[in-house]
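One structure is given below, encoded as structure tokens.
Quick caveat, the model's predicted, so the values are computed rather than measured.
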Amino acid sequence: MYQCYLRESGHFATLMAGMLWVFSGAAVGGECWLDIYDQGDYQGAHRRIEGPVELPSLKDLGGEDWGHRIESLKVGKAAEVTAFRQENFREEPKGPVNHPEAFARWGKQEIPAYQELEISFGPGKQAHHLGELDFHRNINSLKIRCK
């Protein structure tokens with residue numbers, strides 16, 4: 001460990017290099033991650049995913065299937081996350097849209113656009129329950145970028 005010395009009133013103070021590292025840009029590298037939980041309010045089973053990374057499937061994340069499982073999440077201070085409803089970052093809707101006859105009566109032309117297929121979370125963001133964002137247990141692929 002490196003040490004720096006400051007002279008104050010005839011006394012020497014030791015500053016540890018670790019303290020300097022914490023306040024430097026080097027510390028940001030450890031802040032690019034995503035914490036996922038299988039229960040709301042950051043409870044239950046937990047997994048930290050270090051970025052940058054692109055995960056086209058969550059079926060084998062650390063030996064566990066996290067597809068259709070995530071209920072809450074926390075994003076590191078140097079990470080940007082995009083979560084997708086479908087595997088392989090696909091943007092085409094899969095399966096039936098809820099109440100298509102109602103959309104037709106309302107004159108809604110672009111039914112797939114009603115249900116967003118991806119969602120983004122910026123640095124330091126948290127979602128205590130993805131149901132509030134209509135993504136409850138509905139994330140199947142992820143991209144984590146580091147800032």
Legend entry - Set of side-chain contact (heavy atoms from CB on, under 4.5 Å) partners for P52, sequence neighbours left out: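 Scan of P52 (side-chain contact (heavy atoms from CB on, under 4.5 Å), adjacent residues dropped) gives C146.
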Inset, instruction - Would you please name every residue forming a side-chain contact (heavy atoms from CB on, under 4.5 Å) with S120, sequence neighbours left out? - result: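 Listed in chain order: T82.
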Legend entry - Nearest-0.5 Å distance, CZ of residue R85 to CG of residue N138: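 Separation between the atoms: 4.5 Å.
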Legend entry - Inter-residue atom distance E118.CD - Q86.CD, 0.5 Å rounding: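 These two atoms lie 11.0 Å from each other.
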Inset, instruction - For residues E80 and P123, report the shortest heavy-atom separation together with the two atoms involved. - result: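 For E80 versus P123, the nearest heavy atoms are CG-CD, 3.9 Å.
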Inset, instruction - Kindly give the heavy-atom pair with the smallest separation between S57 and S141, and that separation in Å. - result: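 Nearest pair, atom of S57 first, then S141: N-CB, 4.3 Å.
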State which residues pass side chain to side chain donor-acceptor pair (under 3.5 Å) with [X]; sequence neighbours excluded, sorted by chain then number.
{"X": "Y42", "value": "Q126"}
{"X": "H68", "value": "N140"}
{"X": "N88", "value": "none"}
{"X": "H128", "value": "D41, E132"}

Inset, instruction - Specify whether H136 and H129 have parallel, tilted or perpendicular ring planes, treating 30° as the upper limit for parallel and 60° as the lower limit for perpendicular. - result: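 Answer is parallel, since the angle falls under 30°.
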Apply salt bridge (Lys or Arg N to Asp or Glu O under 4.0 Å) to [X] and list each qualifying residue two or more places apart in sequence or on a separate chain.
{"X": "D35", "result": "R48"}
{"X": "E64", "result": "R47, R69"}
{"X": "K125", "result": "none"}
{"X": "R137", "result": "E71"}

Inset, instruction - Among Ile, Leu, Val, Met, Phe, Trp and Tyr joined by side-chain contacts under 4.5 Å, find the other residues sharing a cluster with W33 and list them by chain and number. - result: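 Via sub-4.5 Å side-chain contacts, W33 links to none.
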Inset, instruction - Share the residues that join F121 in a hydrophobic cluster, the rule being Ile, Leu, Val, Met, Phe, Trp or Tyr side chains under 4.5 Å apart at the heavy-atom level. - result: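 When side chains under 4.5 Å apart are linked, the cluster holding F121 also contains L34, I36, I49, V53, L55, L58, L61, W66, I70, L73, V75, V81, I119, L130, L133, F135, I139, L142, I144.
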